[in-house]
Amino acid sequence: MELSDVINSRRSIRKFREEDISADAILQLLEAARRAPSGSNLQPTRFIIAQSATAKEALGRSTPYKFIVKAPVVFVCCADLTVITTREHRIGELVKEGAFEGIDVDKNHPSITNSLTMDEEAVKAYLSMNVAIAIEHIVLKAVELGLGSCWIGRFDRNQVKEYLSLDDNIFPVMLLPVGHPDQSPNARPRIALDKLVLKTI
Ligand SMILES: Cc1cc2nc3c(=O)[nH]c(=O)nc-3n(C[C@H](O)[C@H](O)[C@H](O)COP(=O)(O)O)c2cc1C
């Protein structure tokens with residue numbers, strides 16, 4: 001499948017057939033997530049994979065979107081907040097790999113020192129952004145595999161943390177139910193291209 005076909009045919013899928021997805025498909029989805037880029041290559045994304053009815057029902061109680069229970073798998077997509085402390089090490093790895101070789105980088109630019117003083121909320125937002133990229137890799141890979149998914153941002157994170165006994169450093173960013181689509185919705189409305197670009201300078 002061409003990437004443009006994947007992008008154009010993707011829809012948020014909220015109805016799933018009662019059919020499992022294979023262990024190999026789950027592995028392929030995880031591998032797509034693993035390939036995602038992340039700031040300073042911090043790789044904060046972590047998953048809990050919910051497949052049992054009990055686990056999915058518990059997750060279903062954390063959100064108004066009860067349809068997630070009917071998906072064969074729900075990925076609880078989390079950020080490991082501790083990775084922020086590995087930045088020097090990760091940047092070191094990138095340097096070793098030659099990522100910046102021959103690249104013009106101003107090491108004294110203020111944005112470099114500013115980013116070292118992020119508060120807890122800023123770190124959470126920054127790492128969540130990185131998790132979002134990995135999620136969209138899964139979403140697009142799922143389309144290629146004939147599967148559907150739906151981002152779920154509206155859920156009680158504390159309830160999920162408690163149910164899963166998550167360490168305080170593991171922040172649940174999104175739920176992502178994945179399964180065989182039992183609907184083929186039309187494309188949802190989008191703003192016009194001329195609204196997308198504020199200016200060309
Ligand atoms: C960050 C984010 C959070 C979302 N949260 C929810 C949600 O809680 N419940 C839901 O049904 N859909 C959710 N969606 C799906 C959007 O409603 C959907 O992407 C949008 O309406 C466009 O439709 P489409 O994905 O079919 O193109 C979310 C999407 C994103 C990207």
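One-based numbering along the sequence shown. This is a predicted model, so every value here is computed, not measured. Both counts, for ligands and for their atoms, begin at 1 and track the order of listing.
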Quick one: look up the protein heavy atom nearest [atom] and list residue, atom name and how far away it is.
| atom | answer |
| --- | --- |
| atom 6 (C) of ligand 1 | Trp151 O, 3.0 Å |
| atom 26 (O) of ligand 1 | Arg188 NH1, 2.6 Å |
| atom 9 (N) of ligand 1 | Tyr65 CE1, 3.2 Å |
| atom 21 (O) of ligand 1 | Arg14 NH2, 4.4 Å |

Between Ile7 and Leu3, is any pair of side-chain heavy atoms under 4.5 Å apart?
yes

Salt bridge between [X] and [Y], side-chain N to carboxylate O under 4.0 Å?
| X | Y | answer |
| --- | --- | --- |
| Glu120 | Lys124 | no |
| Glu93 | Lys96 | no |
| Arg17 | Asp182 | no |
| Asp168 | Lys161 | yes |

Answer yes or no: is there a donor N or O on one side and an acceptor on the other, between the side chain of Thr86 and the main chain of His89, under 3.5 Å?
no

Between the main-chain N or O of Ser40 and the side-chain N or O of Arg87, is there a donor-acceptor pair closer than 3.5 Å?
no

For ligand 1, is any non-hydrogen atom under 4.0 Å from Cys150's backbone (N, CA, C, O), its side chain (CB onward), both, or neither?
side chain

Check Arg190 against ligand 1 and report side chain, backbone, both or neither, counting heavy atoms closer than 4.0 Å.
side chain

I'd like to check whether Ser12 has a polar contact with ligand 1, where a contact means an N/O of the residue lying under 3.5 Å from an N/O of the ligand.
yes

Kindly confirm or rule out an N or O of Gly153 lying under 3.5 angstrom from an N or O of ligand 1.
yes

Taking atom 1 (C) of ligand 1 as the point of reference, which of Met174, Glu136, Arg11 owns the nearest heavy atom?
Met174

Any protein heavy atom lying closer than 4.0 Å to atom 30 (C) of ligand 1?
yes

Could you list which atoms of ligand 1 come closer than 4.0 Å to a heavy atom of Arg154?
8 (O)

Lys66 and Gly60: which non-hydrogen atoms are nearest, and at how many Å?
NZ-O, 2.8 Å

